[in-house]
Every structure is written in structure tokens, then in C-alpha cells.
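A, B, ... follow the sequence lines: proteins, then strands. Residue 1 opens every chain.
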Amino acid sequence: MDALGHFESSIKERLSKELTSLGFTGDFTLERPDHEMADLALPCFQFAKSLRKAPQVIAKELCASLSPDEHIGKVWEDRGYLNFRVNESLLGPLVIHEALDHRENFGRGVPRPGRILLEHTSVNPTGPIHVGRARNPLIGDTLARCLRMCGHQVITEYYVNDVGKQVVLLTWALAHLTEKDVPPADREKTDYKLVGYYQVANKLMESSTEVAAEISQMTQRFEAGDPDTIMNVRRTVDMMLDGIRESLSSINVTLDHYTFESQYILDGSARDVVERLKASDYAMVEDGADYLNLEEFGVHGRDTRFFFTRKDGTTLYTTRDLAYHLDKFRRAEQLLNILGEDQKLGQKQLASALQILGSERIPECIYYSFVSLPEGRMSTRKGLVVYLDDLLDEAVERAYNEVCTRRPDLDDDKKRQIAKDIGVSAVRYNMIRVQAEKQLIFKWEEALNFEGNSAPFVQYAHARCCSILRKIGEYNKQADLSVLSDPFERRLIWTLAQFPEVVMQAGEKRRINMLPIYGHELASALNQFYGAVQVLRSEHQDARLCLVEATRWALHNALITMGIAAPEEM
RNA sequence: GGGCGGGUGGCCUAGUCUGGAUAUGGCAGCAGCCUCCUAAGCUGCAGGUCGGGGGUUCGAAUCCCCCCCCGCCCGCCA
């Protein structure tokens, strides 16, 4: 357990004893109020009824029976609350040494059993990734980092949609068209180039019955499981994926595995799912097409019918997704999916079908709302779209201009490196700082914010720590830390002490937006300390250096957990 | 029509699961702070019917009911 946890549980235990002797048994809440007020607080209103005493009286009685000890620094009563100040002469040294000893691992949880397979991104490989879709990899990658920091073993995976008319059409296009048939691409990247081929082929298919027939035949061969056709399409998709991977990599997202949907046609497991579902009590047939009746599973109205084959007997996307989930459960104990909010019904149906198939586990899903533009929903066809690559370029360029005006002393390579660290991070931070369910309207000025609640703000605080530490070189890490007692130092220590708990909560509750919130809070505490307290050449230099370095590690680790660079200079 | 999710100062947002003290920050605005460890910073001011209405409670942004607004879904597509 982390330092703060020891304090909290010790105080809670003592309270529990005192409450029992007053006649109260059961659970109670101990809260962390605003730090100005107290470190921990016990609202005594919750005991008033069963003890038949006024809250103020209870608080006073508890206060009288509790004296400061190893963990309690101060205890007092205030309008029905029992307030605590933790024993700061113990907490400070404990937390600071914890950070100084563990450095990159400060805040890391103990290893936990069981593998988590986290599926994220999984965008259809039909074109470059746009900012609407980018929310998925950013949430997924950040959650993966966070869970790993918590001590979990996490495998990340992209489920590649290489089945369907769109990708077949694209494959046809690559076989029958050349560069001169298509308009020039916006970028020298495969995902941009392929879009032109797709558009031209799509027009051809609409105007020519011959082309349409060829594509239809290809699709049929594909669904019949013809290995050559499937591998051919897969090669096309892989080209598209190269471009997507490049974009993901530029925002610091990489995935462990890519699983192709067509695999479940090739290996017959989608067929197995069909056979097993057909044999179930919930299976029905309409006009040759099979479906499940999910009325018993709480799926209402028209949605109760969940089709898993076409009338020609071929499998559907959802059937293959079932095979995929059964496969995933063979590879991991726990499944996590990051999905757009449009997938909710499908996942409900999928979970029901998994139960029918006898699976004891279902995936846990995290849904996010779509990112739209002020003009409306993003649409490639309407040209209402902002590509991730363009956003990143713009962010890095703006960051470069900022670096040039602020740090003319640096050489150009250094400036470019810092610009990249800052620009990319600003975009990442802004996407993950808002809870996933909230709908997001993309605005350039917000996405490129470098001040206030932003990545550069947190990075800047980290760079400030590094700058101080760089100037001093060696210092005495065994300095007496009890001298750290002014309000800014105490505030910083208190915030620092929260870090392990924040990582744990962010991971376990799947609320990664706690990370940027905390990062901002810690950076803010450091900046206030920095403005008010002299470190170098001060009376308490070494003790303060310990605090600065401890803060440096917490900031560093918070940034890395968010997938954000932690530059030592900016 | 049904289901799910969101609604918090001009704008963005935390807190809602697990009810508690003056509702968290940021942006924009106004007023200050660089002979001193990086001013991407700091200090101060101003700005709020927590969508609306009922209810439960000693106490509601938080729980329950009704309503309003916004988003998403309701294909033998993927």
C-alpha cells in the first residue's frame, strides 16, 4: 500500500474502535475535503440517528477520545465534522523517499494476476484516420498504459475489418487501375493514396454492370472462404493499415496485435458459431436466414431478432465478431473493448449470444461519444472532416513557433524535438481530459491549447523541476525533511502523496480523465511552490531539492502514463 | 415511437457510482508580477436558478419520479 493509504487505514481503524465503543457498528465514510480545510474528515451526521445524539456532540466525544499519534497529526471538531490533519512530519519523508527510491516506478501497483485483452481502435481500414475516430486509440492506449501502471498484464489489439464489399472493391481497384486513373493523393501515404482508387472504382461499379458483376463474384468467392481471394484482400487492407499505423505511431499509439476478421472465415470458427447457435433454443429462421430471439435477454422491440446468417447461409459481421470474442477469451481472462456509442445495441446482442453459446464471461465495454465539428457530424463524403495527420502537423508547427519565440537560444534540432513533444502531447491531452461519454465538438483553438489545463502546462512543470536539478547536480538526499513545513511545501507533498491512488482509481474505474486532472493539479502545486519558495541557494536547499525531485518523478510518471512525452527542457 | 448516454458561470470541464462544510479547474475578460531556480508561469477581481418541476433526507449537482433539450442506436451492412 502507498504511504497515504497507511495513514488513511490506520485512522479509519482507530475511528472504528471509538465508534464501536460509542455503540455504532457498521461502515462509515471518511472523506478527503479541500486541503485548506483538512486532510481527512469524518461527517458525524451519519451516526446521529442510530446514536441518538447531535452530530456536534458525537464529533466532540470522538475528538476527546482521539489523541495525535504516529498517523494523526491533529484532530479537531468543526460543526459536526471530525477533522484530521495527518502527521506531516512522517508523511512528507515517507512519500518523498518513496518517489526518490522508485523513480520511474513511483506509483506503480503490485503485479496482478490475469491477462487483460484490450481491444481498441479497430477502425475500418477504408481511409485515413480522422479526429472523430482518434478518440478511440487515445482512450484505449491511455487505459492500457494506466492498467499496466496499476500492475495488470495488458495485451492491446486492433480487430481489422477485412471483410465486406468496401475492401473487396478496393482490392479490385488496385488490380485494375493505375496511378494515372486516379486523382493525386493529398499525402504521400498509402491510406491517402488508396482512397482515390476506391472512389474511382466505386463510380465504375455504379456505371458498369460488368464491373459490378466482377466485384459481386469476388465477394462470393471471399465469403465461400477461398484462400486466394481472402489473402489478396488482406494484402490490400494491410497497405491501408500501414498508413493508419503511421498516424497512430505519430500520436504515440502502438498496438500489440492485429487480428484480421477474415481469419474466422478461413479457420471455420464462424461456421462453428452458426452451427452452435442454430442448435440453441433461441434459434429461429425467417426466409432462410437464421436469427436468435433475445426477448428473454432484455432486448426489446424490433431489436429482439438478432440475425446471424443471411438467407444464403453466409455469415454476418456479428457472427464473426462472436467467433472473435470466443477466440479472445481463450487468450485472456478479461476482455475490454473501447467502442463508439453506436455499438451499444450490437454489444448487448453479442453478450446475449455469448451467454447462449455457454460463455461464462462477457466483454466489458467502454463507450465514447463521437467527436463532431461545429458544422456537424464528420463526414468524408461531405468534406466535413479533419484528419489526424493534419491536426498533428498543425499542432507541431504551432508548437515550433512557440519554441522559437520562447527559446531562441536552442539549436534547431532541439527546437524541433521539443515542438514535436509539445504539439503531439497537447492533442493527446485534450482528447483524454474529457470523460468518454461526453460528446465533443472539435475546435482548433481548444485542440491546440498550450496554456492552462493542457499538456504543455504539466510538461513545463516537469521541465522546471529538471532545470533546478540540472543546475545543482549532486545534493544530499538524506537531508532532514522535517523542515518542509510552509503551506506551499505541505500542499505539494499532499498532492504528491495522492499519485499512487490516482493511478489505481483511474485504472480500476476506467476513468482515465482522472490522469490529466491530477497532472494539472500537481503541476499547479509545483508552480505555486516555485513562485513562492526559493530552492537553490536557500537555507533548506537539500530538503527542497528532495521535494523537487520527488515531484519530478510523479510528473514524469503521470505524463508517461498518459502517453505524453516528459521533456527535461522546453 | 422505443432503448442507451449526455446537460454544471459567455465557452470547455471536475465532482454524480459511494448524498455532507463556502460546487473543481481551465479558456476568454479586467487589474497586477520578470536586476531572483524557465512568465508555456504566479497573484487578485469579476462571473453559478448544477436543464426544469416534484419527491426522499437532518442534508441533494449526486438518490427516486415526471418533463424538456442534445447525441447515438433500432439493416439478412460492416
Side-chain angles (χ1 to χ4, degrees), chain A residues 27 29 31 33-34 36-38 41 43-46 48-49 54-55 78-81 83 124 126 161 163-167 261 286-291 298-303 305 307-314 316-318 320-321 340-346 348 367-370 372 377 399 402-403 406-407 422 426 430 433-441 443 445-446 449-461 463-472 509 511 513-514 517 520-521 523-524 526-528 530-538 541 544 548 569-570:
Chain A
D27 205 18
T29 46
E31 45 185 60
D34 195 85
E36 304 280 306
M37 208 138 50
C44 294
F45 310 91
Q46 53 189 324
K49 194 169 253 175
D78 182 16
R79 290 164 293 166
Y81 286 86
N83 287 337
N124 285 349
T126 51
N161 244 289
V163 179
K165 207 185 226 167
Q166 272 196 311
V167 284
E261 185 182 340
E286 186 187 75
D287 192 20
D290 298 288
Y291 68 91
V299 186
H300 306 287
R302 288 173 289 209
D303 307 332
R305 300 202 310 174
F307 281 89
F308 60 95
T309 72
R310 297 195 182 89
K311 65 179 169 192
D312 65 3
T314 54
L316 293 163
Y317 169 79
T318 40
R320 298 176 305 256
D321 205 15
E341 58 180 336
D342 56 335
Q343 304 292 318
K344 281 185 194 174
L345 175 61
K348 169 90 184 132
Y367 300 102
Y368 62 91
S369 295
F370 288 120
S372 59
R377 194 174 175 172
E402 290 288 328
V403 177
R406 292 168 202 270
R407 298 299 305 274
I422 291 172
N430 268 293
R433 61 174 252 270
V434 179
Q435 54 173 265
E437 312 80 65
K438 221 134 178 165
Q439 59 202 65
L440 223 71
I441 296 169
K443 290 180 187 125
E445 66 270 29
E446 278 171 22
N449 177 32
F450 293 170
E451 286 167 1
N453 192 2
S454 70
F457 181 93
V458 186
Q459 292 173 310
Y460 186 68
R464 271 184 156 171
C465 294
C466 292
S467 172
I468 293 174
L469 294 164
R470 192 166 49 238
K471 283 210 158 62
I472 197 71
K509 291 182 174 172
R511 293 222 320 263
N513 65 315
M514 289 176 75
I517 289 164
H520 180 261
E521 199 178 310
S524 184
L526 183 274
N527 283 333
Q528 286 167 32
Y530 182 93
V533 180
Q534 183 70 25
V535 178
L536 263 21
R537 300 175 300 278
S538 73
Q541 174 175 285
R544 286 176 181 162
V548 167
E569 194 180 359
M570 60 187 272

Using the P atom as the reference point in each nucleotide, state the distance between C17(B) and U62(B) in Å, no decimals.
9 Å

Check the surroundings of atom CD in E445(A): do more than 12 heavy atoms from other residues, nucleotides or ligands lie under 6.0 Å from it?
yes

With side chain to side chain contact (heavy atoms under 4.5 Å, CB included) as the criterion, how do F457(A) and S524(A) come out once you've worked through the C-alpha distance, each side chain's angles and the decisive distance to 0.1 Å?
CA-CA 8 Å; F457(A) 181 93; S524(A) 184; 4.2 Å; yes

Is there a side chain to side chain contact (heavy atoms under 4.5 Å, CB included) between I422(A) and E402(A)? Walk through the geometry before answering.
CA-CA 10 Å; I422(A) 291 172; E402(A) 290 288 328; over 6 Å; no

Along RNA chain B (nearest heavy atom to each residue), the more 5'-positioned of N161(A) and D78(A):
D78(A)

G41(B), A14(B), C12(B): which one has an atom nearest the side-chain heavy atoms of R433(A)?
C12(B)

For C72(B) versus C76(B), give the span between their C1' atoms, rounded off to a whole number of Å.
23 Å

Distance-only, no hydrogens or angles: does the N83(A) side chain make a donor-acceptor pair with backbone N or O of M37(A) under 3.5 Å?
no

Integer angstrom distance from the C1' of U8(B) to that of G25(B):
13 Å

Would you classify Y530(A) as touching base, sugar-phosphate or nothing, given that sugar-phosphate means primed atoms plus P, OP1 and OP2, and contacts are heavy atoms under 4.0 Å?
base

Report each atom pair, protein N/O against N/O of nucleotides 26-35 of chain B, whose distance is under 3.5 angstrom.
| from | atom 1 | to | atom 2 | distance (Å) |
| --- | --- | --- | --- | --- |
| G26(B) | O2' | N453(A) | N | 3.2 |

Listed partners of F450(A) passing ring pair (Phe, Tyr, Trp, His ring centres under 6.0 Å), at least two apart:
none

Of the options K311(A), R305(A), R310(A), which is the one that meets E286(A) in a salt bridge (charged side-chain N to carboxylate O under 4.0 Å, His left out)?
R305(A)

Integer-rounded Å distance: A40(B) C1' and I422(A) CD1
7 Å

Between C45(B) and G59(B), how far apart are the P atoms? Round to whole Å, please.
33 Å

Using the side-chain heavy atoms of V163(A), tell me which of these nucleotides is nearest: A78(B), G6(B), C37(B).
A78(B)

Do R433(A) and N430(A) have side chains that approach each other closer than 4.5 Å (heavy atoms only, starting at C-beta)?
yes

Specify the separation, in whole Å, of atom CD1 of I517(A) and atom C1' of A14(B).
5 Å

Please report the distance, rounded to the nearest Å, between CZ in F450(A) and P in G41(B).
12 Å

Looking at the side chain of P33(A), which of A21(B), C11(B), A40(B) is the nearest nucleotide?
A21(B)

When all nucleic acid strands are considered with a 4.0 Å heavy-atom cut-off, which category describes A41(A): base, sugar-phosphate, or nothing?
base

Sort by first number and list every stem of RNA chain B: at least 3 consecutive Watson-Crick or G-U wobble pairs, both distances under 3.5 Å.
B:1-7 with B:68-74, B:10-12 with B:25-27, B:29-33 with B:41-45, B:51-55 with B:63-67

What contact category does V458(A) fall into here, base, sugar-phosphate, or nothing, at under 4.0 angstrom with non-hydrogen atoms?
nothing

When all nucleic acid strands are considered with a 4.0 Å heavy-atom cut-off, which category describes A463(A): base, sugar-phosphate, or nothing?
base

Quick one: the side chain of N83(A) and the base of A21(B), do they pair up donor-acceptor inside 3.5 Å?
yes

Categorize V535(A) for me: base, sugar-phosphate, or nothing, with a 4.0 angstrom heavy-atom threshold over every strand shown.
base

Got a donor-acceptor contact below 3.5 angstrom from the Q166(A) side chain to the T126(A) backbone?
no

According to a strict under-4.0 Å criterion, is R511(A) in side-chain N/O contact with OP1 or OP2 of A14(B)?
no

Pick the C1' atom in U57(B) and in A39(B), then give their distance to the nearest Å.
50 Å

What's the gap between C68(B) and A60(B) when it is taken at their P atoms, as a whole Å value?
26 Å

Measure CG/N513(A) against P/U16(B) and give the value in whole Å, please.
10 Å

Between P of G7(B) and CD of E437(A), the distance in whole Å:
9 Å

So, is Q528(A) near the phosphate of G41(B), with a side-chain N or O under 4.0 Å from OP1 or OP2?
no

With syn defined as a glycosidic angle within 90 degrees of 0 and anti as anything else, the base of C34(B) is syn

Check the pair Q541(A), I472(A) against side chain to side chain contact (heavy atoms under 4.5 Å, CB included), reporting the backbone distance first and the verdict last.
CA-CA 10 Å; Q541(A) 174 175 285; I472(A) 197 71; 3.4 Å; yes

With a 4.5 Å heavy-atom cut-off, do V548(A) and L469(A) have their side chains touching?
yes

When all nucleic acid strands are considered with a 4.0 Å heavy-atom cut-off, which category describes M514(A): base, sugar-phosphate, or nothing?
nothing

Taking only the C1' atom of each, what is the distance from U56(B) to G10(B) in whole angstrom?
36 Å

Same-atom distance (C1') from U43(B) to G6(B), integer angstrom:
36 Å

Partner set under salt bridge (Lys or Arg N to Asp or Glu O under 4.0 Å) for E437(A), not counting sequence neighbours:
none

Phosphate OP1/OP2 of C12(B): any K438(A) side-chain N/O under 4.0 Å
no

RNA chain B nearest-nucleotide lookup for E446(A) and R537(A): closer to the 5′ end is E446(A)

To the nearest Å, how far apart are K471(A) NZ and C37(B) C1'?
6 Å

Check whether R544(A) reaches the backbone of Q534(A) with its side chain - one donor and one acceptor, N or O, closer than 3.5 Å.
yes

Atom CG of D34(A) to atom C1' of A21(B): distance rounded to whole Å?
10 Å

Under 4.0 Å between any heavy atoms, over every strand shown, what does Q459(A) touch: base, sugar-phosphate, or nothing? Just pick one.
nothing

Starting at the 5' end of nucleotides 68-77 of chain B, put B wherever the base has a protein heavy atom under 4.0 Å, S where only the sugar-phosphate does, and a dash everywhere else.
--BBSSB-BS

For L440(A) and C11(B), what is the distance between atoms CG and C1' respectively, to the nearest whole Å?
13 Å

Encode nucleotides 56-66 of chain B as B, S and - characters from 5' to 3', where the letter depends on protein heavy atoms closer than 4.0 Å: B to the base, S only to sugar-phosphate, - to neither.
--B--------

